[in-house]
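So the structure is just underneath, and the comments pick up after that.
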Amino acid sequence: MSTEPWVTADHVAQHLGVAKDTVYRWRERKGLPAHRVGRLWKFQLSEVDEWVRAGGADEDVGEPGSRHT
């Protein structure tokens, strides 16, 4: 049985093609699945991919910094 590795925010950012700050903002404001390991946040790419497919990364109208009004 193989287990999925835990990855860093840098790895998630590279995987999704976004900035690392975006990964942390999505974790805080939009519920991007993450798990705290000591002082670090770790992610599993399968959970991240499922969250994206479910629309978690969609822009919200009225979210601070969004281009919509």
Side-chain angles (χ1 to χ4, degrees):
M1 178 174 135
S2 103
T3 58
E4 181 179 353
W6 294 97
V7 299
T8 64
D10 284 321
H11 192 115
V12 173
Q14 183 178 15
H15 177 71
L16 296 177
V18 300
K20 182 170 84 169
D21 289 344
T22 300
V23 172
Y24 285 120
R25 187 171 47 253
W26 284 348
R27 181 200 55 80
E28 184 178 316
R29 297 183 187 167
K30 294 186 163 201
L32 175 66
H35 305 271
R36 191 143 191 179
V37 179
R39 295 179 353 158
L40 304 174
W41 286 100
K42 296 291 186 170
F43 305 82
Q44 289 193 319
L45 293 180
S46 63
E47 291 179 346
V48 170
D49 289 342
E50 184 177 325
W51 177 82
V52 169
R53 285 187 194 101
D58 290 350
E59 284 191 26
D60 290 332
V61 175
E63 178 179 320
S66 76
R67 291 183 296 239
H68 301 18
T69 55

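The first residue of the sequence shown is numbered 1, and numbering continues consecutively from there.
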Minimum heavy-atom separation for Val52 to Ala57, with atom names? CG2-CB, 4.4 Å
Determine the minimum heavy-atom distance between Leu32 and Val23, stating which atoms define it. CD2-O, 3.6 Å
Can you check side-chain contact (heavy atoms from CB on, under 4.5 Å) on His15 and Asp49, steps first, answer last? CA-CA 10 Å; His15 177 71; Asp49 289 342; 2.8 Å; yes
Is there side-chain contact between Leu45 and His11, with at least one heavy-atom pair below 4.5 Å? yes
So, does Arg36 use its side chain to make a donor-acceptor pair with the main chain of Gly38 at under 3.5 Å? yes
As an exercise, state the distance from CZ of Arg25 to NZ of Lys30, rounded to the nearest 0.5 Å. 9.0 Å
Enter the distance from His35:NE2 to Arg27:CZ here, rounded to the nearest 0.5 Å. 12.0 Å
Can you name the closest pair of heavy atoms from Pro5 and Gln44 and give their distance? O-CG, 4.1 Å
So, for Ala19 and Ala13, which heavy atoms are closest and what is the spacing to 0.1 Å? C-CB, 3.8 Å
So CD of Glu47 and CH2 of Trp6: to nearest 0.5 Å the spacing works out to 5.5 Å
For Trp26, the option from Trp51, Phe43, Trp41 that meets ring-ring contact (aromatic ring centres under 6.0 Å, His included): Trp51
Worked check of side-chain contact (heavy atoms from CB on, under 4.5 Å) between Lys42 and Val7: CA-CA 5 Å; Lys42 296 291 186 170; Val7 299; over 6 Å; no
